[in-house]
Amino acid sequence: MACMKLGSKIDAFQRQGQAWFCTTGLPSDVVVEVEEMSFHLHKFPLLSRSGVMERLIAEVSEGDKKCVICLPKIPGGAKTFELVAKFCYGVKLELTASNVVYLRCAAEHLEMTEEYGEGNLITQTETFLNQVVLRNWKDSLKALQTCDDIPRAEEHHVTKRCIESLTTKACTDPNLFGWPMMEHGPMQSPGGSVMWNGISTGARPKHSSSDWWYEDVSTLSLPLYKRLISTMESHGIRLEILAGSIALYAKKYLPGLNRHQGANESTSRLMPVTSGAGAPPQEQKVLLEEIDHLLPVQKGLVPTKFLFGLLRTALILKSNPSCLANLEKRIGMQLEQATLEDLLMPNFSYSTETLYNVDCVQRILEHFLAMDQITGGSSPCSVDDRQLIGSPSLTPITTVAKLIDGYLVEVAPDVNLKLPNFQALAAAVPEYARPLDDGLYRAIDIYLKSHPWLAESDREQLCRLIDCQKLSLEACTHAAQNERLPLRIIVQVLFFEQLQLRTSIAGCFLVSDNLDGSRQLRSGLAGSTESGWATAVRENQVLKVGMVNMRMRVSELEKECSSMRHEIEKLSGTKGSSTWGNVSKKLGFKMKSQMCSAQEGSVSNQNNRSAKTNKAKDRHAKHKENSSRDG
């Protein structure tokens with residue numbers, strides 16, 4: 001720390017209890033009382049340097065041999081006045097970044113101007129501030145920390161000048177000027193050295209990043225830190241850099257954000273208003289709300305995990321509703337960056353018995369969907385679902401849909417979770433955002449298993465959220481055997497599973513037909529050998545085996561569907577086909593039986609074409625054999 005020496009005389013001050021005495025050989029003729037300390041001094045050194053002391057001594061000493069003067073409001077108190085008295089006597093003392101602000105304000109308070117002596121205390125402190133302290137990062141920071149205890153520092157623009165100095169240096173690479181930083185000392189390394197004030201330190205310059213000043217400014221009190229961040233923002237420092245500093249400041253003084261961090265953090269003599277883990281909850285609450293105001297509102301500048309940490313802490317501290325709403329909105333703007341662990345926030349409210357705060361996640365999702373609409377997010381309209389799923393603009397919303405489905409799976413086992421809350425969160429995700437409904441089906445299945453007392457109407461209403469056409473074959477197979485699902489849903493699943501299998505069979509036959517035709521064309525053009533035909537035959541046999549297996553599965557599904565139809569007819573008390581038609585209409589089936597017949601016809605046609613192709617292959621083989629015999 002830089003310093004400036006003043007005075008040349010040997011220190012003649014001695015302390016005895018709560019009193020200071022100047023041992024110059026002359027008896028004291030004035031007593032100055034500052035706080036609980038008494039200074040037994042002489043009139044002439046004081047009145048020759050201070051206009052205030054000159055007036056007070058003149059007022060009190062009329063008619064009295066010894067006067068007593070009280071200075072209750074001197075900046076810095078008794079410790080600062082001790083240095084002021086030594087300056088008046090010309091005793092040696094040092095100006096440092098730790099005491100210069102106190103002395104500067106005390107000199108102004110005592111009117112120690114050039115009128116009362118050349119090189120008076122105001123001039124000396126101003127020179128030291130401008131030429132030494134404000135040119136150095138560490139000294140500017142130390143001087144600013146002392147401004148917390150001196151309200152008059154603002155009147156003399158000392159606080160503003162320190163903040164401007166720190167702002168200017170934060171905008172500049174410290175390696176260009178060799179400013180010492182981080183207050184931890186430079187790393188010593190052999191070879192090469194840095195010149196600091198003309199002295200070789202034996203250390204190489206450090207390569208600093210834009211966050212080199214974070215740890216230093218985190219030692220400031222909250223009011224000073226707020227002013228510093230506001231000044232930096234007005235000077236054009238990038239918002240993402242400021243956001244990083246604010247996040248570190250919050251983690252340092254809000255223990256809920258940094259529970260796994262060690263407690264061996266460096267602390268300053270002048271502690272901020274929120275002194276870490278020992279700070280009262282009310283002070284932490286005030287700090288959190290101020291942090292919310294300081295953070296930039298732009299999307300992506302603040303990590304989502306950090307925002308969730310702030311929200312959890314705000315819920316614990318019972319912050320005001322506006323702070324909670326702001327944090328939920330911030331998270332909603334970038335919900336696609338969250339993880340499932342982030343969403344699993346415990347419920348800290350005594351009014352609800354659920355394990356997790358589902359209502360909070362519901363509000364965050366609503367903010368995300370609202371922002372998605374404002375920013376021109378995709379909507380189903382008349383575009384095909386496959387085109388929607390492949391659209392780049394749908395990437396965030398499909399990510400959020402998958403995230404919410406995973407969250408529903410985690411909260412579904414909670415027996416205290418009410419059906420309206422679960423159903424509202426599941427239904428909030430747009431249908432076009434889910435490429436598959438497997439995750440939603442799994443969540444609903446777990447909820448039905450954990451809530452067996454639900455009425456059949458409630459089960460059916462909840463299962464209507466599932467689009468059976470968007471279930472994979474594995475999910476369809478599981479749902480067809482799931483006794484917890486309503487009968488209506490099982491019939492829908494069986495119908496669409498059969499439809500998918502028939503479509504797959506038709507597609508496989510089409511691929512096989514095209515494959516055989518392409519091989520025949522290549523054989524005629526290039527004169528394929530007998531081994532090529534053998535390979536084609538083996539591949540055709542493999543396809544036929546696959547077709548047989550798929551036909552068996554279709555047959556089993558048709559039997560299950562037929563048995564269910566008979567059961568429904570028995571329950572309804574009728575035997576005609578009209579009952580099954582009514583059931584089909586109620587279930588919302590839009591596909592007619594002619595589609596299945598048409599597909600069966602296409603399959604048979606493809607089989608005929610395949611038989612013709614095989615006959616052609618046989619004729620080609622015989623012709624080739626006869627030609628070889630003739631040769």
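Heavy atoms only: backbone and side chains are in, while hydrogens, waters and symmetry mates are out.
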[X] versus [Y]: any side-chain heavy-atom pair under 4.5 Å?
{"X": "Gln362", "Y": "Asn421", "value": "no"}
{"X": "Thr219", "Y": "Leu141", "value": "yes"}
{"X": "Ile122", "Y": "Tyr116", "value": "no"}
{"X": "Asp292", "Y": "Leu310", "value": "no"}
{"X": "Leu144", "Y": "Thr146", "value": "no"}
{"X": "Cys360", "Y": "Leu311", "value": "yes"}
{"X": "Glu82", "Y": "Phe13", "value": "no"}
{"X": "Lys5", "Y": "Leu93", "value": "no"}

Could you tell me whether a side-chain N or O of [X] sits under 3.5 Å from a main-chain N or O of [Y], the two making a donor and an acceptor?
{"X": "Ser140", "Y": "Val133", "answer": "yes"}
{"X": "Trp137", "Y": "Leu134", "answer": "no"}
{"X": "Thr123", "Y": "Gly119", "answer": "no"}
{"X": "Asn99", "Y": "Leu95", "answer": "no"}
{"X": "Arg15", "Y": "Gly17", "answer": "yes"}
{"X": "Asn136", "Y": "Asp139", "answer": "yes"}
{"X": "Tyr102", "Y": "Lys79", "answer": "no"}
{"X": "Arg330", "Y": "Pro296", "answer": "yes"}
{"X": "Ser50", "Y": "Leu46", "answer": "no"}

Give a yes or no on this: more than 12 heavy atoms of other residues, nucleotides or ligands lie within 6.0 Å of atom [atom1] of [X].
{"X": "Glu33", "atom1": "CD", "value": "yes"}
{"X": "Phe44", "atom1": "CZ", "value": "no"}
{"X": "Glu36", "atom1": "CD", "value": "no"}

At what distance, to the nearest 0.5 angstrom, does [atom1] of [X] lie from [atom2] of [Y]?
{"X": "Leu26", "Y": "Leu41", "atom1": "CG", "atom2": "CG", "value": "12.5 Å"}
{"X": "Ile57", "Y": "Leu47", "atom1": "CD1", "atom2": "CG", "value": "4.5 Å"}
{"X": "Ile150", "Y": "Thr159", "atom1": "CD1", "atom2": "OG1", "value": "8.0 Å"}
{"X": "Phe87", "Y": "Leu121", "atom1": "CZ", "atom2": "CG", "value": "5.0 Å"}
{"X": "Leu228", "Y": "Glu164", "atom1": "CG", "atom2": "CD", "value": "10.0 Å"}
{"X": "Asp216", "Y": "Lys169", "atom1": "CG", "atom2": "NZ", "value": "13.0 Å"}

Problem - Ionic contact status for Glu155 with Arg152, cut-off 4.0 Å - result: yes
Problem - Cationic N near anionic O, under 4.0 Å, Asp11 to Lys86 - result: yes
Kindly give the heavy-atom pair with the smallest separation between [X] and [Y], and that separation in Å.
{"X": "Cys105", "Y": "His156", "value": "SG-CD2, 3.8 Å"}
{"X": "Glu35", "Y": "Ala78", "value": "OE1-N, 3.5 Å"}
{"X": "Glu289", "Y": "Asn320", "value": "OE2-ND2, 2.8 Å"}
{"X": "Gly309", "Y": "Thr313", "value": "O-OG1, 2.9 Å"}
{"X": "Met112", "Y": "Cys88", "value": "CE-SG, 3.9 Å"}
{"X": "Ala170", "Y": "Ile237", "value": "CB-CD1, 4.3 Å"}

Determine all donor-acceptor pairs shorter than 3.5 Å in which one atom belongs to a side chain in residues 331-343; sequence neighbours excluded.
| from | atom 1 | to | atom 2 | distance (Å) |
| --- | --- | --- | --- | --- |
| Gln334 | OE1 | Gly300 | N | 2.8 |
| Gln334 | NE2 | Val302 | O | 2.8 |
| Gln334 | NE2 | Thr304 | OG1 | 3.0 |
| Glu336 | OE2 | Lys299 | NZ | 2.8 |
| Gln337 | OE1 | Thr304 | OG1 | 3.3 |
| Thr339 | OG1 | Asp342 | N | 3.4 |
| Thr339 | OG1 | Asp342 | OD2 | 3.0 |
| Asp342 | OD1 | Lys305 | NZ | 2.9 |
| Asp342 | OD2 | Thr339 | N | 3.1 |

Practice task
Could you give me the CA-CA distance, side-chain angles and deciding distance for Trp20 and His40, then say whether side chain to side chain contact (heavy atoms under 4.5 Å, CB included) is met?
Solution key: CA-CA 6 Å; Trp20 279 93; His40 298 265; over 6 Å; no
Practice task
Sequence neighbours left out, what pairs pass salt bridge (Lys or Arg N to Asp or Glu O under 4.0 Å) with at least one residue falling in residues 93-105?
Solution key: Arg104-Glu108, Arg104-Glu126
Practice task
Determine which pairs satisfy salt bridge (Lys or Arg N to Asp or Glu O under 4.0 Å) with at least one residue from residues 217-229, sequence neighbours left out, and list them in order.
Solution key: Glu154-Arg227, Lys226-Glu290
Handout entry: Verdict with supporting geometry, Val31 and Phe39, side chain to side chain contact (heavy atoms under 4.5 Å, CB included)
Key = CA-CA 6 Å; Val31 178; Phe39 293 85; over 6 Å; no
Exercise for the section: Evaluate side chain to side chain contact (heavy atoms under 4.5 Å, CB included) for Cys67 paired with Lys43, printing each intermediate quantity in order. Expected result: CA-CA 9 Å; Cys67 64; Lys43 295 179 181 180; 3.7 Å; yes
Is there a donor in the side chain of [X] and an acceptor in the side chain of [Y], or the other way round, less than 3.5 Å apart?
{"X": "Asn130", "Y": "Arg135", "answer": "no"}
{"X": "Asp414", "Y": "Thr354", "answer": "no"}
{"X": "Ser319", "Y": "Lys285", "answer": "no"}
{"X": "Gln18", "Y": "Ser38", "answer": "no"}

Fill in the blank from the handout: Sorted by chain and residue number, the salt bridge (charged side-chain N to carboxylate O under 4.0 Å, His left out) partners of Glu240 (sequence neighbours excluded) come out as Arg238
Problem - salt bridge (charged side-chain N to carboxylate O under 4.0 Å, His left out) involving Arg363 - partner list, sequence neighbours excluded - result: Glu328
Problem - Residues which pass ring pair (Phe, Tyr, Trp, His ring centres under 6.0 Å) with Tyr225, listed by chain and number, not counting sequence neighbours - result: Tyr249
Practice task
Measure up the His42 and Tyr89 rings against each other and bin them: parallel (under 30°), tilted (30 to 60°), perpendicular (over 60°).
Solution key: perpendicular
Practice task
Go through the steps to decide whether Tyr253 and Leu222 satisfy the test side chain to side chain contact (heavy atoms under 4.5 Å, CB included), and finish with yes or no.
Solution key: CA-CA 10 Å; Tyr253 298 107; Leu222 180 59; over 6 Å; no
Practice task
Carefully, step by step, assess Thr113 and Asn120 under the rule side-chain hydrogen bond (donor to acceptor under 3.5 Å, both in side chains).
Solution key: CA-CA 6 Å; Thr113 62; Asn120 213 342; 5.4 Å; no
